[in-house]
Amino acid sequence: MPTSGAPTNWAGNITFGAARVHHPASVAELRRIVGSAERVRALGTGHSFNRIADTTGDLIRLDRLPHRVEIDPDGSRVTVAAGMRYAQVAEALQTAGYALANLASLPHITVAGACATGTHGSGNGQRSLAAAVAGLEIVGPEGDLTRLSREADADRLAGAVVSLGGLGIVTGVTLDIEPTYEVAQWVYDGLPLDRLADRFDEVSGAAYSVSVFTDWHSGDGVVWLKCRADRPGPPLPDQPRPDQPWLGARPADGPRHPVPGMPPAHCTRQAGVPGPWHERLPHFRPDFTPSSGEELQSELILPRRAAPEAFAALRRLGARIAPVVLVSEVRTIAADDLWLSPAYGRDSVALHFTWAPDRAAALEVVAAMEEELLPLGARPHWGKLTAATPGDVVAGYERAADFGRLLREYDPAGKFRNPYLDRLFPVG
């Protein structure tokens, strides 16, 4: 049954315009809703900061579909219900002795929503979350159910995974898995930004997953290093150690939150205490579920080779960034072959910004940053704020025209379209 009341996104900056919001309890019910709708979109946890999920028609939430975790040990894969959150999937995998290679900083987002927007974690060797997708189950415009697999539909799957919700409602996702492992996490304060730029490969390669937090104005940053216990590195002279300085940074004297001054109680365990992968790779604990956040977010993903030039541009803008930003995070992503992935075809550096909830002020600074960084090959995250024109966004993707054709093939009448998609991929 549809529910009443206008839903909002996680941050509260978007009120969706849907005429009806549905919570189907089965895939069969979902297929009936889609087949009878004129316009329809799916909404996960609402952890997007623009109108990518908006519609004036029917909005579907998958949170009441039955949970599904079907492990294929021989194929090293798991098929899950698309509306499940990563924290739920991770707990089930850990119980069975398995793991995912990567997780985002927040484990409370849905699998379908994260993959459809190219969301990622961090690590020189870690691809986006969507790159782990080996298969999809999609409800099409007539309520038809289509299945795609890496073996049978490799190129088509590469176009369909990061779909921005335009190809249909994803009900099932098959993911690559591996045996479970443990991770230990250390934090270092005071990494000079000059050192970050000069020795970026060394910093980003110091652990399985690395994040650097800064405001681009203070001159230094805080480094979070997440190390796999089953992959010890060689004892290099400059390797970070929990009891001594490293590259000018010093070991943190207590737990840290990504946003300076915020209490770290809900963050994952630090100080090198090993724990299961799903309790260390995210920045926030799986058992803490934020209901909302008074913030805005933007992110630009650039070729990794452009990192020093991008850092220099942000430092020039630091006096404008600092008064508006809560924190900025630097991460890395390995290249993948997904058509609309921000890391398509190139190893990447991701520059993330969490802004105070003042949209006008944030967008003014975002526009200044994009003026500097788009010429370096920056691609804005699909689900976050950007001041770039749709044409400039799409121009960064070599397979954009192919994706436009895939949209028309899967949804010729535009049932899954909305103004967001129309601006990026105009009909005809």
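Values below: all heavy atoms of this structure, side chains included; hydrogens, waters and symmetry mates excluded.
Atom CG of Leu340 and atom CG of Asp402 lie 10.0 Å apart (nearest 0.5 Å). Atom OH of Tyr86 and atom CG of Leu103 lie 7.5 Å apart (nearest 0.5 Å). Distance OG1/Thr386 to CG/Leu363: 8.5 Å, rounded to 0.5 Å. Here the CZ-CG distance, from Phe213 to Leu191, works out to 13.0 Å after rounding to the nearest 0.5 Å. Taking CZ of Phe403 as the start and CZ of Arg408 as the end, the distance is 11.0 Å to the nearest 0.5 Å. Of the inter-residue distances, the one linking Thr171 atom OG1 with Leu30 atom CG reads 7.0 Å to the nearest 0.5 angstrom.
Each ring pair (Phe, Tyr, Trp, His ring centres under 6.0 Å) pair with one or both residues in residues 361-393, not counting sequence neighbours, appears once here: Trp382-Tyr397. Residue pairs satisfying the ring pair (Phe, Tyr, Trp, His ring centres under 6.0 Å) criterion with at least one member in residues 305-326, sequence neighbours excluded, are listed as follows: Phe200-Phe311, Trp216-Phe311.
Here the closest non-hydrogen pair linking Pro274 and Glu182 is CB-OE1, 3.8 Å. Looking at every heavy atom in both residues, Val27 comes nearest to Leu65 through N-CD2, 3.8 Å. For the pair Ala207 and Leu225, the tightest heavy-atom approach, listed with the atom from each and the gap, is CB-CB, 3.9 Å. In this structure, Gly140 and Phe416 approach most closely via the heavy-atom pair C-CZ, 3.7 Å. Arg346 and Gly377 get closest at one heavy-atom pair: NH2-O, 2.6 Å. The two residues Ile321 and Leu314 make their nearest non-hydrogen contact at CD1-O, 3.7 Å.
Not counting sequence neighbours, the partners of Pro192 by the side-chain contact (heavy atoms from CB on, under 4.5 Å) test are Arg195. Checked against side-chain hydrogen bond (donor to acceptor under 3.5 Å, both in side chains), Asp74 has no partners two or more places apart in sequence or in another chain. Every side-chain contact (heavy atoms from CB on, under 4.5 Å) that Pro276 has, sequence neighbours left out, goes to Gln94, His278, Glu279. Residues that satisfy the ring pair (Phe, Tyr, Trp, His ring centres under 6.0 Å) test with Tyr344, not counting sequence neighbours, are absent from this structure. Checked against side-chain contact (heavy atoms from CB on, under 4.5 Å), Thr15 has the following partners two or more places apart in sequence or in another chain: Ala6, Thr8. Remark: Glu372 pairs with Ala313, Arg316, Leu317 by the side-chain contact (heavy atoms from CB on, under 4.5 Å) rule, at least two apart or across chains. Looking at residues two or more places apart in sequence or on another chain, you find a salt bridge (Lys or Arg N to Asp or Glu O under 4.0 Å) between Glu70 and Arg68. Every residue meeting the side-chain hydrogen bond (donor to acceptor under 3.5 Å, both in side chains) condition with Glu178, not counting sequence neighbours, appears here in chain and number order: Arg228.
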Without placing hydrogens or testing angles, list every side-chain donor-acceptor pair under 3.5 Å for residues 122-131, not counting sequence neighbours.
from	atom 1	to	atom 2	distance (Å)
Ser122	OG	Val210	O	2.5
Ser122	OG	Thr332	N	3.2
Asn124	OD1	Ser204	OG	3.1
Asn124	OD1	Arg304	NH1	3.2
Asn124	OD1	Thr332	OG1	2.9
Asn124	ND2	Ser204	OG	3.2
Gln126	OE1	Tyr208	OH	3.1
Gln126	NE2	Tyr208	OH	3.4
Arg127	NH2	Ala131	O	3.2
Ser128	OG	Ala131	N	3.4
Ser128	OG	Asp336	OD2	3.2

Give the table of side-chain donor-acceptor pairs shorter than 3.5 Å for residues 152-170, with sequence neighbours excluded, one pair per line with atom names and distance.
from	atom 1	to	atom 2	distance (Å)
Asp153	OD2	Ser149	N	2.9
Asp155	OD2	Arg399	NH2	3.4
Arg156	NH1	Glu409	OE1	3.4
Arg156	NH1	Glu409	OE2	2.6
Arg156	NH2	Glu409	OE2	3.3
Ser163	OG	Gly165	N	3.3

- Message: Could you walk me through whether Asp63 and His23 satisfy the side-chain contact (heavy atoms from CB on, under 4.5 Å) test, starting with their C-alpha distance in whole Å, then the side-chain angles of each, then the deciding distance to 0.1 Å, before giving a yes or no?
- Response: CA-CA 7 Å; Asp63 53 342; His23 297 262; 3.0 Å; yes
- Message: The test is side-chain contact (heavy atoms from CB on, under 4.5 Å); show your working for Leu351 and Arg331 and say whether it passes.
- Response: CA-CA 7 Å; Leu351 306 174; Arg331 293 180 286 180; over 6 Å; no
- Message: Apply side-chain contact (heavy atoms from CB on, under 4.5 Å) to residues Tyr181 and Val183 and explain how you reach the verdict.
- Response: CA-CA 7 Å; Tyr181 53 89; Val183 173; 3.7 Å; yes
- Verdict with supporting geometry, Leu193 and Thr214, side-chain contact (heavy atoms from CB on, under 4.5 Å): CA-CA 9 Å; Leu193 293 184; Thr214 183; 3.8 Å; yes
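A salt bridge does not link Arg359 to Glu364: none of the charged nitrogens lies less than 4.0 Å from a carboxylate oxygen. A salt bridge links Asp422 and Arg417; the closest N-O separation between the charged side-chain nitrogens and carboxylate oxygens is under 4.0 Å.
The backbone N or O of Ala11 sits nowhere less than 3.5 Å from a side-chain atom of Glu295 that would complete a donor-acceptor pair. Without hydrogens or angle criteria, His22 side chain to Pro24 main chain gives no donor-acceptor distance under 3.5 Å. Side-chain atoms of Arg379 come within 3.5 Å of backbone atoms of Pro342 as a donor-acceptor pair (strictly under, hydrogens ignored). A donor-acceptor contact shorter than 3.5 Å links the side chain of Thr268 to the backbone of Pro282.
The 12-atom threshold is not exceeded at CD of Glu309, counting heavy atoms of other residues, nucleotides or ligands nearer than 6.0 Å. More than 12 heavy-atom neighbours from other residues, nucleotides or ligands sit within 6.0 angstrom of CZ on Arg51.
Exactly one of Asn418, Thr55, Leu59 qualifies for a side chain to side chain contact (heavy atoms under 4.5 Å, CB included) with Arg39. That residue is Thr55.
Ring planes of Trp355 and Phe353: parallel class, angle under 30° (limits at 30 and 60°). Classification of the Trp10-His47 ring pair by plane angle, with boundaries at 30° and 60°, yields tilted.
Put simply, the side chain of Val393 does not reach to within 4.5 Å of the side chain of Arg423, judged on heavy atoms. Under the 4.5 Å side-chain criterion, counting only non-hydrogen atoms from C-beta, Met262 is not in contact with Leu326. The shortest distance between side-chain heavy atoms of Trp224 and Gln185 falls below 4.5 Å. The shortest side-chain heavy-atom distance between Gln270 and Lys226 does not fall under the 4.5 Å cut-off. Within the 4.5 Å cutoff, the side chain of Asp72 has no heavy atoms near those of the Thr79 side chain.
No side-chain donor-acceptor contact under 3.5 Å links Thr110 and Thr45. For the residue pair Glu299 / Gln297, no side-chain donor-acceptor distance below 3.5 Å is found, with atom types taken as modelled.
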